[in-house]
Amino acid sequence: QVQLVESGGGLVQTGGSLRLSCAASALTISTYTAAWFRQAPGKEREFVAGISWGGASTLYTDSVKGRFTISRDNAKNTVYLQMNSLKPEDTAVYFCAARSSRSIGQTSLSYNNWGRGTQVTVSS
(Lines give C-alpha, C1' and ligand atoms only; values in the text may rest on other atoms or scores of the structure.)
Protein backbone atom coordinates (compact mmCIF):
# COMPACT_ATOMS: atom_id res chain seq x y z
CA GLN A 1 0.00 0.00 0.00
CA VAL A 2 1.35 3.38 -1.03
CA GLN A 3 2.11 5.68 1.85
CA LEU A 4 3.17 9.30 1.91
CA VAL A 5 4.05 10.67 5.33
CA GLU A 6 4.59 14.37 5.88
CA SER A 7 6.64 15.87 8.69
CA GLY A 8 8.29 19.14 9.63
CA GLY A 9 5.28 21.32 10.29
CA GLY A 10 4.96 23.50 13.36
CA LEU A 11 4.52 26.98 14.75
CA VAL A 12 6.83 29.72 13.46
CA GLN A 13 6.87 33.52 13.57
CA THR A 14 6.42 35.72 10.53
CA GLY A 15 9.62 35.72 8.50
CA GLY A 16 10.72 32.35 9.80
CA SER A 17 11.47 29.12 7.94
CA LEU A 18 10.35 25.52 7.96
CA ARG A 19 11.29 22.50 5.88
CA LEU A 20 8.59 19.95 5.20
CA SER A 21 9.45 16.39 4.28
CA CYS A 22 7.37 13.77 2.51
CA ALA A 23 8.64 10.22 2.89
CA ALA A 24 7.28 7.69 0.43
CA SER A 25 6.90 3.96 0.87
CA ALA A 26 5.60 1.25 -1.44
CA LEU A 27 6.40 3.46 -4.41
CA THR A 28 9.61 4.68 -5.97
CA ILE A 29 9.26 8.44 -5.74
CA SER A 30 11.74 8.98 -8.56
CA THR A 31 9.17 7.63 -11.02
CA TYR A 32 6.38 9.87 -9.76
CA THR A 33 5.62 13.54 -10.12
CA ALA A 34 5.17 15.01 -6.65
CA ALA A 35 3.48 18.10 -5.33
CA TRP A 36 2.59 20.00 -2.20
CA PHE A 37 -0.90 21.33 -1.62
CA ARG A 38 -2.29 23.26 1.33
CA GLN A 39 -5.67 23.81 2.85
CA ALA A 40 -6.56 26.60 5.23
CA PRO A 41 -9.71 26.48 7.40
CA GLY A 42 -12.81 27.15 5.35
CA LYS A 43 -10.88 27.18 2.08
CA GLU A 44 -10.36 24.73 -0.74
CA ARG A 45 -7.18 22.74 -1.09
CA GLU A 46 -4.75 24.64 -3.31
CA PHE A 47 -1.63 23.76 -5.26
CA VAL A 48 1.59 25.13 -3.77
CA ALA A 49 4.48 23.54 -5.67
CA GLY A 50 5.27 20.57 -7.87
CA ILE A 51 8.32 18.75 -9.17
CA SER A 52 8.39 16.57 -12.25
CA TRP A 53 9.26 12.89 -12.50
CA GLY A 54 12.90 13.52 -13.34
CA GLY A 55 13.18 16.60 -11.17
CA ALA A 56 14.05 18.83 -14.11
CA SER A 57 10.90 20.90 -13.85
CA THR A 58 9.32 22.69 -10.94
CA LEU A 59 6.21 24.80 -10.68
CA TYR A 60 5.00 27.17 -7.98
CA THR A 61 1.87 29.09 -7.26
CA ASP A 62 2.49 32.82 -7.56
CA SER A 63 2.10 33.56 -3.86
CA VAL A 64 5.10 31.40 -2.88
CA LYS A 65 7.50 32.08 -5.76
CA GLY A 66 10.88 33.20 -4.48
CA ARG A 67 10.08 31.99 -0.95
CA PHE A 68 9.42 28.23 -1.27
CA THR A 69 11.59 25.59 -2.93
CA ILE A 70 10.52 22.05 -3.76
CA SER A 71 13.17 19.38 -4.16
CA ARG A 72 13.56 15.63 -4.08
CA ASP A 73 16.13 13.13 -2.83
CA ASN A 74 15.46 9.97 -4.75
CA ALA A 75 17.97 7.99 -2.73
CA LYS A 76 15.92 8.73 0.37
CA ASN A 77 12.61 8.42 -1.48
CA THR A 78 11.68 11.81 -0.07
CA VAL A 79 10.35 15.12 -1.36
CA TYR A 80 10.96 18.38 0.49
CA LEU A 81 9.41 21.83 0.66
CA GLN A 82 11.71 24.51 2.00
CA MET A 83 9.62 27.47 3.13
CA ASN A 84 11.31 30.79 3.87
CA SER A 85 9.98 34.25 4.70
CA LEU A 86 6.79 32.72 6.00
CA LYS A 87 3.67 34.86 6.30
CA PRO A 88 0.50 34.41 8.36
CA GLU A 89 -1.38 33.67 5.13
CA ASP A 90 0.79 30.57 4.68
CA THR A 91 -0.95 29.02 7.69
CA ALA A 92 -2.61 25.78 6.56
CA VAL A 93 -2.40 22.02 6.60
CA TYR A 94 0.17 21.01 4.00
CA PHE A 95 -0.32 17.81 2.04
CA CYS A 96 2.09 15.82 -0.07
CA ALA A 97 0.74 14.20 -3.25
CA ALA A 98 2.18 12.00 -5.98
CA ARG A 99 1.08 10.68 -9.35
CA SER A 100 2.62 8.40 -11.96
CA SER A 101 2.78 11.03 -14.67
CA ARG A 102 5.67 13.02 -16.11
CA SER A 103 3.78 16.31 -15.95
CA ILE A 104 3.01 18.45 -12.93
CA GLY A 105 -0.69 18.66 -12.24
CA GLN A 106 -2.08 21.67 -10.40
CA THR A 107 -5.41 20.27 -9.33
CA SER A 108 -5.98 17.93 -6.42
CA LEU A 109 -8.10 15.65 -8.61
CA SER A 110 -5.07 14.87 -10.76
CA TYR A 111 -3.28 13.12 -7.88
CA ASN A 112 -4.22 9.72 -6.53
CA ASN A 113 -1.69 9.33 -3.73
CA TRP A 114 -1.91 11.57 -0.67
CA GLY A 115 -0.41 11.97 2.75
CA ARG A 116 -2.41 12.93 5.82
CA GLY A 117 -0.95 16.40 6.11
CA THR A 118 1.13 18.43 8.52
CA GLN A 119 0.02 21.66 10.19
CA VAL A 120 1.94 24.86 9.53
CA THR A 121 1.04 27.88 11.64
CA VAL A 122 2.67 31.27 11.13
CA SER A 123 2.09 33.79 13.89
CA SER A 124 2.10 37.53 13.28
> Considering non-hydrogen atoms only, spot the tightest contact between Val122 and Thr91 and give its length.
N-OG1, 2.9 Å
> Is the CD atom of Gln119 crowded by more than 12 outside heavy atoms at less than 6.0 Å?
yes
> For residues Val93 and Gly117, report the shortest heavy-atom separation together with the two atoms involved.
CG1-CA, 3.9 Å
> Could you check Arg116 against Phe95 for side chain to side chain contact (heavy atoms under 4.5 Å, CB included), going step by step and ending with a plain yes or no?
CA-CA 7 Å; Arg116 295 188 175 215; Phe95 297 90; 5.8 Å; no
> Could you tabulate the donor-acceptor pairs under 3.5 Å formed by side-chain atoms of residues 13-24, not counting sequence neighbours?
{"residue": "Thr14", "atom": "OG1", "partner": "Ser123", "partner atom": "O", "Å": "2.8"}
{"residue": "Ser17", "atom": "OG", "partner": "Asn84", "partner atom": "OD1", "Å": "2.9"}

> Tell me every residue that passes ring-ring contact (aromatic ring centres under 6.0 Å, His included) with Trp53, counting only those two or more places apart in sequence or in another chain.
none
> Glu89: which residues meet the side chain to side chain contact (heavy atoms under 4.5 Å, CB included) condition with it, sequence neighbours left out?
Lys87
> Go through the structure and list residues passing ring-ring contact (aromatic ring centres under 6.0 Å, His included) with Phe68, not counting sequence neighbours.
none
> Mind jotting down which residue pairs meet the salt bridge (charged side-chain N to carboxylate O under 4.0 Å, His left out) criterion with at least one end in residues 94-104? Sequence neighbours excluded, please.
none
> Identify, with sequence neighbours excluded, every residue that meets side chain to side chain contact (heavy atoms under 4.5 Å, CB included) alongside Ser57.
Ser52, Ile104
> Looking at Cys96, is its backbone amide N or carbonyl O close enough to the side chain of Glu6 to form a donor-acceptor pair, meaning the two atoms are under 3.5 Å apart?
yes
> Could I get the full list of side chain to side chain contact (heavy atoms under 4.5 Å, CB included) partners for Lys43, not counting sequence neighbours?
Ala40
> Apply the test side chain to side chain contact (heavy atoms under 4.5 Å, CB included) to residues Thr107 and Phe47: give CA-CA distance (whole Å), side-chain angles for both, the deciding distance (0.1 Å), then the verdict.
CA-CA 7 Å; Thr107 65; Phe47 173 84; over 6 Å; no
> Under the side chain to side chain donor-acceptor pair (under 3.5 Å) test, which residues partner Arg67, sequence neighbours left out?
Asp90
> Could I get the full list of side chain to side chain donor-acceptor pair (under 3.5 Å) partners for Ser63, not counting sequence neighbours?
Arg38
> Start with the C-alpha gap between Val79 and Ile70, add the side-chain angles, then the distance that decides, and say whether side chain to side chain contact (heavy atoms under 4.5 Å, CB included) holds.
CA-CA 7 Å; Val79 176; Ile70 188 171; 4.0 Å; yes
> Please list, chain by chain and in numerical order, all residues satisfying side chain to side chain contact (heavy atoms under 4.5 Å, CB included) with Ser100, sequence neighbours excluded.
Tyr32
> Stepwise, does the side chain to side chain contact (heavy atoms under 4.5 Å, CB included) test hold for Asp73 with Tyr80?
CA-CA 8 Å; Asp73 184 336; Tyr80 303 98; 3.8 Å; yes
> Return the set of residues passing ring-ring contact (aromatic ring centres under 6.0 Å, His included) with Tyr111 (not counting sequence neighbours), or none when no residue passes.
Phe37
> Determine which pairs satisfy salt bridge (charged side-chain N to carboxylate O under 4.0 Å, His left out) with at least one residue from residues 50-64, sequence neighbours left out, and list them in order.
Asp62-Lys65
> Within the 4.5 Å heavy-atom criterion, are Arg45 and Trp114 side-chain neighbours or not?
yes
> How long is the span from the OG atom in Ser108 to the CD atom in Glu44, to the nearest 0.5 Å?
8.0 Å
> Would you give the length of the straight line joining atom OG1 of Thr33 to atom CD1 of Ile51, rounded to the nearest 0.5 angstrom?
9.0 Å
> Arg72 versus Thr78: any side-chain heavy-atom pair under 4.5 Å?
no
> Without swapping roles, check the side chain of Thr118 against the backbone of Gly9 for a donor-acceptor pair under 3.5 Å.
yes
> On a heavy-atom basis, which atom in Tyr60 and which in Ala49 lie closest, and how many Å separate them?
CD2-CB, 3.5 Å
